[in-house]
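For reference, the structure discussed in these notes is given below.
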Amino acid sequence: MRQSHTSDGVAVSDAPVARPAPPGPRGPGAREAGARRPASREPGAPPDDAELVARSWHEPELFAGIFHRYFEEIHRYVARRLGADAADDIAAETFLAAFRRRRRFDPARGAVRPWLYGIATNLVGLHRRAEGRRLRALARVPAERAAHDHQDRVAARVSAGDVSGDLAKALARLPAGDRDVLLLVALAGLSYDEVAAALGLKNGTVASRLNRARKKTRAALGGVDPMLTTEESTA
């Protein structure tokens with residue numbers, strides 16, 4: 001069975017992954033010094049995301065909690081961008097990479113969920129050609145249209161991953177960075193602040209890219225805004 005490695009050194013098999021076991025093996029260096037102490041919480045309350053990540057520095061098996069909380073939605077996001085066949089491996093690789101980088105997570109710079117989406121989006125970026133091929137193929141599939149397609153119908157198509165026809169063609173033509181921002185808002189429901197944290201961008205850059213992407217897709221869809229968010233770009 002052939003294996004390849006990501007830039008993080010994570011081995012990825014080319015065999016299909018139905019649902020991987022959560023990361024968290026023990027090994028040399030797993031008990032690393034200097035981990036942040038978890039914040040205090042109400043007695044009996046489940047640990048929050050940041051606490052799980054911090055505690056996993058010394059107890060790696062606790063990172064499984066992050067996996068179980070977020071695997072399904074990260075998998076769904078990747079599947080909507082690259083298709084179901086690629087989603088198993090890339091979602092699994094997202095959590096393996098997150099586990100390996102868990103000491104770098106800084107809750108002061110954002111929450112765990114956008115951090116995971118940032119890793120997933122970067123991995124999707126390694127498959128730009130595959131995403132482009134998929135969008136071009138979907139562009140050839142005629143989408144059902146109401147008499148005059150309206151905003152909530154297009155929004156429903158995006159959120160359900162029903163991207164075809166003119167919408168797929170418009171997404172395929174967007175610059176990669178603009179498409180990442182638009183889809184993190186439209187598919188993952190991230191706020192501007194969360195997208196900025198996920199991609200390591202300034203808020204103004206997020207707003208500018210989103211505004212540009214909305215204008216281009218709106219023009220391609222005959223004036224229909226494809227976005228789910230009610231936030232308006234200030235750029």
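Computed from heavy atoms alone, side chains included, the values below leave out hydrogens, waters and symmetry copies. Given the structure is predicted, the values throughout are model-derived calculations rather than measurements.
- Between P175 and K216 there is a side-chain heavy-atom pair separated by less than 4.5 Å.
- Note that CG of L190 and OH of Y117 are 6.5 Å apart. Values are rounded to the nearest 0.5 Å.
- More than 12 heavy-atom neighbours from other residues, nucleotides or ligands sit within 6.0 angstrom of CZ on R69.
- Without hydrogens or angle criteria, R113 side chain to D49 main chain gives no donor-acceptor distance under 3.5 Å.
- Rounded to the nearest 0.5 Å, atoms CG (L183) and OG1 (T121) are 8.5 Å apart.
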Could you go through the side chain to side chain contact (heavy atoms under 4.5 Å, CB included) check for D193 and V206 one step at a time?
CA-CA 8 Å; D193 288 345; V206 171; over 6 Å; no
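- Taking NZ of K202 as the start and OG of S208 as the end, the distance is 12.5 Å to the nearest 0.5 Å.
- Under the 30°/60° scheme for interplanar angles, the aromatic rings of F63 and W115 are found to stand perpendicular.
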Go through the steps for R101 and I119 under the test side chain to side chain contact (heavy atoms under 4.5 Å, CB included), then give the verdict.
CA-CA 10 Å; R101 302 176 193 175; I119 295 172; 3.6 Å; yes
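- Using a 4.0 Å cut-off between charged side-chain N and carboxylate O, R76 and E72 make no salt bridge.
- Taking 4.5 Å as the limit, every side-chain heavy atom of H75 sits out of range of all side-chain heavy atoms of R80.
- R209 and G177 make their closest contact through NH1-CA, 3.8 Å (heavy atoms, listed as atom of the first residue, atom of the second, distance).
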Kindly determine whether Y192 and L210 satisfy side chain to side chain contact (heavy atoms under 4.5 Å, CB included), including the steps that lead there.
CA-CA 9 Å; Y192 288 11; L210 183 60; 3.3 Å; yes
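- For the pair T205 (side chain) and L201 (backbone), a donor-acceptor distance under 3.5 Å is absent.
- Residue F71 comes nearest to A92 through the heavy atom pair CE1-N, 4.0 Å, listed as atom of the first residue, atom of the second, then distance.
- Atom CG in L62 sits 13.5 Å away from atom CH2 in W57 (nearest 0.5 Å).
- Side-chain atoms of D178 do not come within 3.5 Å of backbone N or O of L174 as any donor-acceptor pair.
- At distances below 3.5 Å, at least one donor-acceptor pair connects side-chain atoms of S191 with backbone N or O atoms of E194.
- Environment of CZ in R109: sparse, with no more than 12 heavy atoms of neighbouring residues, nucleotides or ligands closer than 6.0 Å.
- Between the CG atom of L82 and the CG atom of L123 there is a distance of 10.0 Å, given to the nearest 0.5 Å.
- Looking at every heavy atom in both residues, N203 comes nearest to A196 through OD1-CB, 3.3 Å.
- Here the closest heavy-atom approach between residue A87 and residue V78 is recorded as CA-CG1, 3.8 Å.
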Report the C-alpha distance between D85 and R134 in whole Å, list the side-chain angles of each, state the deciding distance to 0.1 Å, and finish with yes or no for salt bridge (charged side-chain N to carboxylate O under 4.0 Å, His left out).
CA-CA 12 Å; D85 290 344; R134 182 170 185 269; over 6 Å; no
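- Both tests pass for R102 against the ring of F99: distance under 6.0 Å to the centre and angle within 45° of the axis.
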Test log, rule side chain to side chain contact (heavy atoms under 4.5 Å, CB included), inputs L126 and I90:
CA-CA 10 Å; L126 300 177; I90 294 177; over 6 Å; no
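- Of all heavy-atom pairs spanning A213 and L182, the tightest one is CB-CD1, 3.5 Å.
- No side-chain donor-acceptor contact under 3.5 Å links R81 to the backbone of E131.
- To the nearest 0.5 Å, atom CD of residue E73 and atom CG of residue L187 are 11.5 Å apart.
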